[in-house]
Amino acid sequence: MCGIIGIVGTTEVASALYDGLTVLQHRGQDAAGIATVDGARLRLHKDNGLVRDVFNQASMSRLRGRIGIGHCRYPTAGSEGSSESQPFYVNSPYGIAFAHNGNLVNTETLRREMFEDDRRHINTDSDSEVLLNVLAHELQIQDRMALTPDHIFKAVAGVHARARGGYACLALLLGYGLLAFRDPNGIRPLVLGERITPEGREYAVTSESVALDILGFKRLRDVAPGEAVFITDDGQLHTRMCADAAVHAPCIFEYVYLARPDSMIENVSVYKARLRMGQKLAEKILRERPDHGIEAVIPIPDTARTAASALAEALGVPFREGFVKNRYIGRTFIMPGQGERVKSVRRKLNPVELEFRKKNVLLVDDSIVRGTTSRQIIQMARDAGARNVFFASAAPPVRYPNVYGIDMPAASELVAAGHTVGEVEKMLGADWLIYQDLHDLVWAVQDGNENLKHFDTSCFSGEYVTGLDQHYLQQIEMLRSDDAKAARRSA
């Protein structure tokens with residue numbers, strides 16, 4: 001879950017890329033980077049940290065050029081050092097800067113092929129660098145004396161034929177333009193926009209439409225699954241389908257948690273999808289406990305606020321803000337380790353005791369992943385004087401690893417894995433725990449676009465649309481669990 005943005009403009013684009021990354025910051029807080037093309041030269045600046053900390057006036061002044069890409073990183077694969085920050089760069093062929101959101105499920109196979117067959121060295125543990133080198137190789141075998149959009153699209157088709165997983169990618173091809181493409185299943189989001197200025201037409205491609213809104217671009221459409229978009233240096237737009245038809249299955253967790261509520265993904269308003277999640281959850285509460293006794297509905301800020309407001313309205317129960325959030329603490333779900341997540345909950349949230357004292361309260365969160373945060377919040381509500389603490393999740397139980405770019409690699413770290421709802425209820429310390437049903441979650445998103453027939457629901461259902469190599473889940477648990485990450489940090 002990273003944020004990416006690329007712009008082909010008529011004037012300097014660095015400041016626009018910076019502004020775009022600031023509104024994509026929720027997608028990754030580990031590192032940030034921007035690459036621009038200044039004539040025949042690539043300008044690149046990246047480092048660990050938030051966007052505002054990575055860039056200053058001096059670094060921004062060096063990022064000259066009318067074409068560029070930006071990236072904010074959330075670590076799933078690879079290590080957590082600055083060597084993993086993006087964009088990545090290779091100088092052959094042509095010079096390519098590359099930014100990627102997602103995760104490959106055949107990284108090790110591709111890494112071996114890169115070394116044994118393509119004679120390319122991969123310098124980091126990142127699957128993004130592997131994907132960049134696959135693209136570079138596929139471009140290398142084209143007619144290098146006359147690289148045309150047709151050659152570029154053939155190279156993307158070669159990438160699709162070799163790579164498996166969820167990925168949305170941007171590439172600067174020096175001397176040619178900006179390339180964007182999306183995996184054949186459309187798991188990770190990518191949207192295309194345009195802006196008309198006095199100097200001419202400009203294009204932007206980004207993870208979420210909110211970045212287009214803030215920059216004054218008109219949202220044209222989502223990049224289709226398996227489609228490639230190529231925008232030349234002089235602003236000519238070319239598009240082509242570069243993969244065989246596959247099951248279109250966007251990640252449903254984007255609507256639950258990852259995306260901003262003011263974004264549109266697959267022509268579905270994230271905000272309205274979350275309202276419908278709350279309505280469906282209320283219907284389930286009324287079915288299972290018509291005499292629920294709930295006196296206040298309190299969201300866990302910020303992502304759950306929309307669903308909680310709709311739930312409260314449907315129940316006819318007061319909606320109350322019971323937690324004040326410190327907005328200078330990052331999203332706990334994407335903290336790099338369990339210890340950091342545990343420390344951050346108390347730093348991030350503080351209860352308003354008057355909203356809890358002697359009340360039966362329903363706390364609403366977007367989802368429950370590891371359970372650590374939920375357990376602490378429930379205890380905070382009790383400490384604030386709540387009579388009974390009920391807990392509702394706008395998403396179904398997360399019981400399976402997510403392998404397409406979300407940091408849920410180890411089933412052993414998921415509180416619901418292998419447990420009944422009643423068992424999870426006891427582990428969290430709730431007086432009552434209620435989860436959204438999967439078919440209701442699908443309906444809540446699907447109702448916004450009747451053309452969406454399938455979703456990636458793998459973390460809820462255990463069904464992986466790309467298929468997985470044998471033993472893959474065990475491999476990623478060994479490599480990407482919190483214990484594995486902690487061991488790498490201490491090495």
Side-chain angles (χ1 to χ4, degrees), residues 2 4-8 12-14 17 31-48 54 59 62-71 73 77-79 81-101 104 107 110-159 162-163 167 169-181 205 228 230-234:
C2 300
I4 58 175
I5 182 170
I7 299 175
V8 176
E12 301 281 316
V13 297
L17 291 168
I34 291 175
T36 60
V37 178
D38 179 20
R41 182 173 179 180
L42 180 80
R43 306 279 183 174
L44 174 64
H45 182 79
K46 59 180 183 176
D47 204 349
N48 283 353
V54 169
S59 60
R62 291 191 291 269
L63 292 169
R64 297 190 295 272
R66 296 183 300 102
I67 304 175
I69 59 176
H71 183 274
R73 181 175 187 262
S79 66
S82 59
S83 64
E84 304 291 347
S85 57
Q86 297 184 37
F88 284 118
Y89 173 74
V90 293
N91 61 11
S92 176
Y94 316 110
I96 307 170
F98 186 84
H100 163 227
N101 171 33
L104 301 182
T107 303
L110 289 174
R111 190 186 303 275
R112 186 171 58 252
E113 290 176 0
M114 285 289 99
F115 179 76
E116 295 176 356
D117 301 332
D118 302 342
R119 297 295 185 258
R120 284 183 169 270
H121 173 70
I122 308 300
N123 196 50
T124 71
D125 295 326
S126 173
D127 62 336
S128 302
E129 192 189 9
V130 172
L131 197 51
L132 165 58
N133 277 273
V134 173
L135 173 63
H137 174 77
E138 295 298 324
L139 286 167
Q140 187 89 47
I141 62 177
Q142 303 299 316
D143 183 355
R144 287 176 288 167
M145 297 304 294
L147 188 64
T148 66
D150 184 61
H151 294 115
I152 292 169
F153 292 142
K154 286 180 179 177
V156 174
V159 173
R162 299 177 68 176
Y167 50 91
C169 306
L170 299 176
L172 290 178
L173 307 182
L174 272 67
Y176 292 94
L178 172 66
L179 171 65
F181 57 95
V205 190
F230 178 62
I231 307 158
T232 62
D233 283 350
D234 59 357

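Here the structure is a predicted model, which is why all the values come from computation and not from measurement.
- Within the 4.5 Å cutoff, side-chain heavy atoms of Asp127 are placed close to those of His100.
- Between Leu104 and Tyr167 the shortest side-chain heavy-atom distance falls below 4.5 Å.
- Partners of Arg66 under the salt bridge (Lys or Arg N to Asp or Glu O under 4.0 Å) rule, at least two apart in sequence or in another chain, do not exist in this structure.
- Proximity of a side-chain donor or acceptor of Glu129 to a complementary backbone N or O of Asn123 within less than 3.5 Å is detected.
- When atom types are taken as modelled, the side chain of Glu84 and the backbone of Thr124 share no donor-acceptor pair closer than 3.5 angstrom.
- Not a single donor-acceptor pair under 3.5 Å links the side chain of Ser85 to the backbone N or O of Ala32.
- Of the possible polar contacts, none joining the Arg41 side chain to the Val37 backbone as a donor-acceptor pair under 3.5 Å is found.
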Residue pair Lys46, Arg73: steps toward the side-chain contact (heavy atoms from CB on, under 4.5 Å) verdict: CA-CA 10 Å; Lys46 59 180 183 176; Arg73 181 175 187 262; over 6 Å; no
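- Classified by interplanar angle (parallel below 30°, tilted 30° to 60°, perpendicular above 60°), the ring pair Phe98/Phe181 is tilted.
- Counting only N and O atoms by type, the side chains of Asp234 and Thr232 include a donor and acceptor under 3.5 Å apart.
- Using a 4.5 Å cut-off on side-chain heavy atoms (C-beta onward), His151 and Thr148 make contact.
- Not one N or O on the side chain of Asn48 forms a donor-acceptor pair closer than 3.5 Å with the backbone of Ala31.
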Stepwise side-chain contact (heavy atoms from CB on, under 4.5 Å) check, Thr36 with Glu12: CA-CA 9 Å; Thr36 60; Glu12 301 281 316; over 6 Å; no
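- Taking Arg120 as the reference, Asn133, Gln140 meet the side-chain hydrogen bond (donor to acceptor under 3.5 Å, both in side chains) condition, with sequence neighbours excluded.
- With His71 contributing its side chain and Ala35 its backbone, the two residues share no donor-acceptor pair below 3.5 Å.
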Verdict with supporting geometry, Leu178 and Leu172, side-chain contact (heavy atoms from CB on, under 4.5 Å): CA-CA 5 Å; Leu178 172 66; Leu172 290 178; 4.0 Å; yes
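- A 4.5 Å side-chain heavy-atom check between Leu135 and Leu179 finds at least one atom pair inside the cut-off.
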